[in-house]
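Please read these numbers as outputs of a predicted model, since none were measured by experiment.
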Amino acid sequence: MDIKEIQLAIDNELKVCREDILNVADQSSLNDFKGLHLGKKSLCSSLFSKMRDVPSESKQLVGKMVVDLRQKITDIFNAKENELKQVALEKQLQKDKVDISLPGYSHKLGSKHPFYAVVDDITDFFIGLGYEVADGPEVETDYNNFEMMNIPKDHPSRDMQDSFSITDELVLRSHTSAVQARVMAKCKGVGPIKIICPGKVYRRDNDATHSHQFGQIEGLVISESATFANLLETLTLLLKHLFGEKRKVRFRPSYFPFTEPSIEADISCFECGGKGCKFCKNTGYIEILGAGMVHPNVLRLNGFDDTKYQGFAFGIGIDRVAMLKYNIDDIKRFYTNDVRFISEFFKE
């Protein structure tokens with residue numbers, strides 16, 4: 001074949017190719033024609049096989065003509081394939097047509113519960129001071145909950161705390177001090193310890209500011225150098241972090257069976273700024289937490305040498321802090337799962 005014959009054959013092949021796929025309506029038929037025009041028996045393959053009979057001076061030109069033919073046929077099929085895909089897409093869109101007159105679906109983001117907002121805030125604060133977070137079971141042994149905290153079975157401080165008994169030796173924990181007992185037992189008398197213990201606790205209380213179930217975060221530090229001054233500084237920093245730098249903090253003597261000496265911490269009243277009002281019962285201050293130096297009996301009961309180690313502990317009510325920070329009037333609101341109440345906090 002000379003150059004002119006090859007060109008005529010190529011032109012005719014392109015014409016036939018376009019005519020063949022003109023009315024193709026599906027991918028299967030298109031594939032059949034693609035095999036016909038680009039397969040082993042196609043003109044392209046035939047011309048490639050006859051290249052050996054082409055004079056040397058024309059090989060480059062004929063080779064280019066055959067390559068161009070294959071590319072043009074490929075482009076024709078690709079264009080047709082895209083056309084078929086577009087038609088199929090339009091049919092699918094028509095089938096799945098959305099009625100835009102209908103209301104859309106709304107996906108509302110929830111808001112953080114004020115209880116857990118306080119937990120996260122206090123936890124972050126103490127982690128920043130190098131504390132670790134410890135956890136334990138809510139169903140606790142009498143031994144861990146009371147006896148290891150220097151509260152023997154006949155101790156009067158049990159009166160308000162041992163009312164949720166499961167058996168003679170199992171109770172719903174009345175404070176997260178039981179977690180401290182577990183941590184001290186694990187340490188086997190070797191310090192230092194620097195932990196906070198957040199969690200739910202249970203006691204016989206039931207009024208607007210107290211509940212039989214509430215949250216508590218206790219802290220425990222045991223080392224060879226922990227001092228009462230360290231405790232006061234820690235609590236002052238915590239309370240100013242929670243309630244603002246303008247809050248005044250005062251400490252007064254108190255009694256707890258697991259600490260000696262023991263103190264109560266108060267903050268200046270939000271309503272009157274310390275002048276005295278109904279909110280603070282005309283004292284100018286609001287009680288917020290209890291604390292003290294770890295009682296030597298507690299150290300000894302939990303395997304620590306009280307001549308070598310000393311420490312301090314504190315406990316703060318999560319619900320009480322949340323009520324004061326967010327002006328919540330009834331502690332029971334935390335446990336009713338009322339979305340209207342929860343959604344009032346931390347809106348975007």
Would you check if the side chain of [X] reaches a backbone N or O of [Y] as a donor-acceptor pair within less than 3.5 Å?
| X | Y | result |
| --- | --- | --- |
| Lys188 | Gly303 | no |
| Asn302 | Val298 | yes |
| Arg173 | Gly136 | yes |
| Ser254 | Ile263 | no |

Residue pair [X] / [Y]: nearest heavy atoms and the distance that separates them:
| X | Y | result |
| --- | --- | --- |
| Ala322 | Phe334 | CB-CZ, 3.6 Å |
| Thr176 | Cys197 | OG1-O, 3.0 Å |
| Ile217 | Val119 | CD1-CA, 4.3 Å |
| Ile151 | Pro257 | CG1-CG, 3.7 Å |
| Val221 | Ala226 | CG1-CB, 4.2 Å |
| Arg247 | Cys269 | NH1-O, 3.2 Å |

> Which side-chain hydrogen bond (donor to acceptor under 3.5 Å, both in side chains) pairs, counting each pair once, include a residue from residues 126-140, with sequence neighbours left out?
Replying inline: Glu138-Tyr202, Glu140-Asn144, Glu140-Arg182
> According to the salt bridge (charged side-chain N to carboxylate O under 4.0 Å, His left out) rule, which pairs have a member within residues 258-268, sequence neighbours left out?
Replying inline: Arg250-Asp266, Arg252-Asp266
>> Run Ser177 and Glu218 through side chain to side chain donor-acceptor pair (under 3.5 Å) and show every step you take.
In response: CA-CA 7 Å; Ser177 301; Glu218 291 196 18; 2.6 Å; yes
> Are the charged groups of Arg300 and Asp305 less than 4.0 angstrom apart, N to O?
Replying inline: no
>> Could you go through His241 and Phe125, starting from their C-alpha distance and side-chain angles, then the distance that decides it, and tell me whether this counts as ring-ring contact (aromatic ring centres under 6.0 Å, His included)?
In response: CA-CA 8 Å; His241 168 78; Phe125 173 82; 5.0 Å; yes
>> Just verifying a value: how many Å separate Ile122 CD1 and Ile318 CD1, rounded to the nearest 0.5 Å?
In response: 6.5 Å
> Are more than 12 heavy atoms from other residues, nucleotides or ligands located less than 6.0 Å from atom CG of Asn82?
Replying inline: yes
>> Would you say that more than 12 heavy atoms from the other residues, nucleotides or ligands in this model lie under 6.0 Å from the CG of Asn327, or not?
In response: no
> Step by step, would you call Asn230 with Thr227 a side chain to side chain donor-acceptor pair (under 3.5 Å)?
Replying inline: CA-CA 5 Å; Asn230 297 147; Thr227 66; 3.0 Å; yes
>> Ring centres under 6.0 Å, that's the criterion: do Phe256 and Phe312 meet it?
In response: no
> Which residues satisfy the side chain to side chain contact (heavy atoms under 4.5 Å, CB included) test with Asp338, sequence neighbours excluded?
Replying inline: Thr336, Arg340, Phe341
